[in-house]
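First up is the structure itself, then whatever we jot down about it.
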Protein chains: 2
Amino acid sequence: MTSLDELKSRLREHVQRNGLKSSTRRDLILETLTTLGPHVSADQLLRAVRERDDRVGAATVYRTLRILQDCEIVAERRFEGGASLYELVDDTHHDHLICVECKTIIEFDDEIVERAQEKVATRFGFELHYHRHELYGLCAKCLKKRGSKVGATAR
Amino acid sequence: MTSLDELKSRLREHVQRNGLKSSTRRDLILETLTTLGPHVSADQLLRAVRERDDRVGAATVYRTLRILQDCEIVAERRFEGGASLYELVDDTHHDHLICVECKTIIEFDDEIVERAQEKVATRFGFELHYHRHELYGLCAKCLKKRGSKVGATAR
DNA sequence: TTGGCTGCAAATCCTTTGCAGAGGT
DNA sequence: ACCTCTGCAAAGGATTTGCAGCCAA
């Protein structure tokens, strides 16, 4: 886990290097983000921020998220269906298991997969920067709920 | 490669099973789709369809794509940035290597990865339905183009 | 004849942008 | 002071939906 202070200083550094200015709004948004779950939509973030300061506009949240992506504090995720979700970039890389029924997202990481994809990249002469790996299916809970209902196919 | 006739009959079957009706428009769209590249946007598809029949509306293309997804003839892909791309679902599953510079998409499949993700799913009690696995980076061509320009980091 | 299909335009949803004023350095 | 940041509202792009007429079964 990266600490909030660490994130703040990374943001400050990025701001200075790029001739931007710091602002209380931006700090507030970053702070709020760290209090929320690992995958947040711009809208969820906006609501949470407004609970602390109801004068914040949606545009500011989007603009701030863009900056936070630039300095690699957050990453944008476009899962299937609906809006983008944003997550704090952690030192530990992880991929996602997503339940198509209840939308639960489980994070995992698997070294075998990681190594295998490096090989694939090399095979095609690619220089790998990042990747996304998402497994969609039914989680244990939803499987149990379905129980005897055989043949129900989610999509 | 799945043949066009095979796809058509799969569509017909789906249509009958679900109390829908077949239509020339839908057939035209499916046919057109098979003549295009492996990743097509709704807009590209619309243009191509209109070259054959300029009375087709955008809504019909979207509605047809939805149906084609339901009967697993095409899959929707939300790559980073821009609109969704659609691809014919082939018997051979494949994943994607995407160049962040020139946007080239290379398809690959790797059994090690496939097996590894089955294991991950099992570990979490998931029943795996499908997945997406995308590697982003620089392709060989763009790497060469950069040549000496060291330290350029794409994101 | 019935009920699904279609084009059109309007409506949505998510995100970005223009502008005038507030705020940071 | 200068230039960035912000809220607001309007614009934008992609996709969906309502409706009246068209078409297949």
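In the text below, chain A, chain B and the rest are named by the order of the sequence lines, each starting its count at 1. The figures here come from the full heavy-atom set of this structure, side chains too, leaving out hydrogens, waters and symmetry mates.
- In the hydrophobic clustering of ILVMFWY residues, with side-chain heavy atoms under 4.5 Å counting as a link, I73(A) and I67(A) come out together.
- One can place CG of L20(A) at 19 Å from P of dG23(C), the figure rounded to the nearest angstrom.
- For the pair L28(B) CG and dC23(D) P, the computed distance is 15 Å after rounding to whole Å.
- Within 4.0 Å (heavy atoms only), G82(B) reaches no atom of the nucleic acid at all.
- Put simply, CZ on R26(A) is 8 Å from C1' on dT4(D), counting in whole angstrom units.
- Across all strands shown, R66(B) has heavy atoms under 4.0 Å from sugar-phosphate atoms exclusively, and none from any base.
- Applying the 4.0 Å criterion to OP1 and OP2 of dT16(C), one finds that R63(A) has every side-chain N and O outside that range.
- For L46(A) and dC8(D), the CG to C1' distance is 13 Å, given to the nearest whole Å.
- Of the possible polar contacts, none joining the R77(B) side chain to the R132(B) backbone as a donor-acceptor pair under 3.5 Å is found.
- Residue Y62(B) places at least one side-chain N or O closer than 4.0 Å to OP1 or OP2 of dT15(D).
- Rounded to whole angstrom, the span from the CG atom of D53(A) across to the P atom of dA22(C) amounts to 16 Å.
- Straight-line distance from the CZ atom of R12(B) to the P atom of dA25(D): 11 Å, rounded to whole Å.
- Salt bridge status for D43(A) with R47(A): present, with a side-chain N to carboxylate O gap under 4.0 Å.
- At least one side-chain nitrogen or oxygen of S84(A) sits closer than 4.0 Å to the OP1 or OP2 atom of dT15(C).
- Ranking dT6(D), dC8(C), dG3(C) by closeness to the K21(B) side chain, first place goes to dG3(C).
- Not one side-chain nitrogen or oxygen of S23(B) sits closer than 4.0 Å to the OP1 or OP2 atom of dC23(D).
- When the side-chain nitrogen and oxygen atoms of S22(A) are compared with OP1 and OP2 of dT25(C), one or more of them lie within a distance under 4.0 Å.
- Each of T64(B) and A42(A) was assigned the nucleotide of DNA chain C with the nearest heavy atom; the assignment lying further toward the 5' end belongs to T64(B).
- If you check dT17(D), dC8(D), dC14(C) against the side chain of A59(B), the one that comes closest is dT17(D).
- Checking R50(A) against A83(B), the closest nucleotide of DNA chain D that is more toward the 5' end is the one next to R50(A).
- Between K8(A) and E31(A), at least one side-chain N (NZ, or NE/NH1/NH2) sits under 4.0 Å from a carboxylate O, which counts as a salt bridge.
- Under the 30°/60° scheme for interplanar angles, the aromatic rings of F124(A) and F108(B) are found to be tilted.
- If you measure from atom CG of D27(A) to atom P of dG24(C), you get 10 Å, rounded to the nearest angstrom.
- Comparing Y86(B) and D54(A) against DNA chain D, the residue whose closest nucleotide sits nearer the 5' end is D54(A).
- Rounded to whole angstrom, the span from the CD atom of Q16(A) across to the P atom of dT4(D) amounts to 15 Å.
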